[in-house]
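One structure is given here, and the rest of the page talks about it.
From a predicted model like this one, the values you see are computed outputs, not experimental measurements. Just so it is clear: chains get the letters A, B, ... in the order the sequence lines come, proteins before strands, and each one is counted from 1.
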Amino acid sequence: MNQAINCHGVKAEERAATVRVIASPSSWIEGDAVRQLEQTAALPGMRAAIGMPDLHPGKGTPIGAAFLCAGHVHPHLIGNDIGCGMALWRTDLPERRIRRKLDRWAELVGALDDPWGGDVGGLLAARGLARSDHDAGLGTIGGGNHFAELQAIESVNDEAALADLGVARGRLLLLVHSGSRGLGESILRDHIDRYAGAGLPEDGDAAARYLARHDHAVAWAKVNRELCARRFGEAIGAELEPVIDVCHNCVAAAPDGSGCLLHRKGAAPSTEGPVVIPGSRGTLSYLFLPDPARADAGWSLAHGAGRKWRRSGARDRLRRRYRPSDLETTALGGRVVCGDRDLLYEEAPEAYKKIDAVVGDLVDAGLGRVIATLRPVLTFKTARRR
DNA sequence: ATGTAC
């Protein structure tokens, strides 16, 4: 048992499932989120429900958690955005070009609002994927907390680990946060229509059908992030090379061969090498090297800063404090392209917890170390005025 | 989160 792990008052006795929140006592975790974690721990087959330091309330199930489950698949734990994750690309753009090019880049990236004009079927076939009814969304970022962001390396803690990734100081990086768009949504909706959102016995046909569709959506989401990055690069005239792609909303066999299913809902994997843990558009993001052997943490990490305020609360508070134009530049000098006013407020830096505290909790729990920090340069959400 | 529900 790791001493750094604190359970925030969760009573673990007389419960089959372990409930744990990985956060220091000084890190604030919303009570509703912990209650949701406890409720999910009572689901059929549940062995462990582990909250990450970015844990916050979701629609019934909390976001920022890993769930180990024996004999059951729980589609509603994964949610509608099956396969959502983070992709990091390196670009050939020198950091010194920011000053001269930022205005132009901010205009050009609006092209990503339009559907991709390329050969969707051909791209999916080349990636070994079948067609679906939702392929028109391929190459679009979507809404909510999704974004594509140019970043500069701010500080480096581990030069060797950075070099292993092929990443060099002085060149900009591109981080894409997106998922399976309408495809994952349709898979969850179908599950809810048929089974009222209930867990599925793992050996049954329903689970097999869900898992097959889930795996398709996970692969589709990865291709989507790739296409979003390539379109972004094309729009601003950058060459791109892939660095990292990880999924934080998905279910797979637990890596210890126990036969348990590891559900991740807003939890990054610790078993696939370095990950990016993004802050908000107004704070640094962290390139993080996980310890891969932490079963007690559900082989998982925080997937971001985590919301501090609900969307409606963020709108209400921040509309009184800021004009929209105030939010189109950030404290770190970054530019924000978000024509959707509500979204501009909902995703403001103040709506998120402090990323340095979240990453600090991961480090204190011994879950890994920081390779480098990344500074936002240009955050694209949508250029469409709403 | 959603080519978004009412």
Exercise for the section: Check the distance between B/dA5's P and A/Lys59's NZ and give it to me in whole angstrom. Expected result: 11 Å

Exercise for the section: Return the value, rounded to whole Å, for the distance between atom CG of A/Leu188 and atom P of B/dA5. Expected result: 14 Å

Fill in the blank from the handout: A/Glu185 atom CD is separated from B/dA5 atom P, nearest whole Å, by 8 Å

Practice task
In plain terms, say whether A/Glu30 and A/Lys308 are close enough for a salt bridge, that is, a side-chain N and a carboxylate O under 4.0 Å apart.
Solution key: no

Exercise for the section: Might you confirm whether atom CZ of A/Arg131 has over 12 heavy atoms from other residues, nucleotides or ligands at distances under 6.0 Å? Expected result: yes

Handout entry: Separation of atom NE2 in A/His146 from atom C1' in B/dT2, rounded to whole Å
Key = 10 Å

Exercise for the section: Would you mind telling me which residue lines up with the more 5' stretch of DNA chain B, A/Asp340 or A/Glu347, judged by nearest nucleotide? Expected result: A/Glu347

Exercise for the section: Just say parallel, tilted or perpendicular for the rings of A/His177 and A/Phe147, cut-offs at 30° and 60°. Expected result: perpendicular

Exercise for the section: Would you classify A/Arg384 as touching base, sugar-phosphate or nothing, given that sugar-phosphate means primed atoms plus P, OP1 and OP2, and contacts are heavy atoms under 4.0 Å? Expected result: nothing

Practice task
Would you indicate what A/Gly143 reaches in the nucleic acid, counting non-hydrogen atoms under 4.0 angstrom: base, sugar-phosphate, or nothing?
Solution key: sugar-phosphate

Practice task
Considering only NZ, NE, NH1 and NH2 on the basic side and carboxylate oxygens on the acidic side, decide whether A/Glu226 and A/Arg230 come within less than 4.0 Å.
Solution key: yes

Practice task
Please report, rounded to the nearest Å, how far the C1' atom of B/dG3 is from the CG atom of A/Leu112.
Solution key: 16 Å

Completion exercise
Atom CZ of A/Arg386 and atom P of B/dT2 are separated, to the nearest Å, by 11 Å

Handout entry: A/Leu183 CG - B/dT2 C1' separation (whole Å)
Key = 12 Å

Completion exercise
note: A/Ile192, atom CD1; B/dT4, atom C1'; distance rounded to Å ~ 14 Å

Practice task
Under 4.0 Å between any heavy atoms, over every strand shown, what does A/Gly142 touch: base, sugar-phosphate, or nothing? Just pick one.
Solution key: sugar-phosphate

Exercise for the section: Please determine, by modelled atom types, if A/Ser24 and A/Asp364 share a side-chain donor-acceptor pair under 3.5 angstrom. Expected result: no

Exercise for the section: With heavy atoms under 4.0 Å as the rule, sort A/His134 into base, sugar-phosphate or nothing. Expected result: base

Exercise for the section: Using a 4.0 Å heavy-atom cut-off across all strands, classify A/Asp133 as base, sugar-phosphate, or nothing. Expected result: base

Practice task
Remember a base hit wins even if backbone is also touched, and classify A/Gly79 as base, sugar-phosphate or nothing at under 4.0 Å, heavy atoms.
Solution key: nothing

Problem - Under-4.0 Å side-chain N/O to phosphate OP1/OP2 contact, A/Arg181 with B/dT2 - result: yes

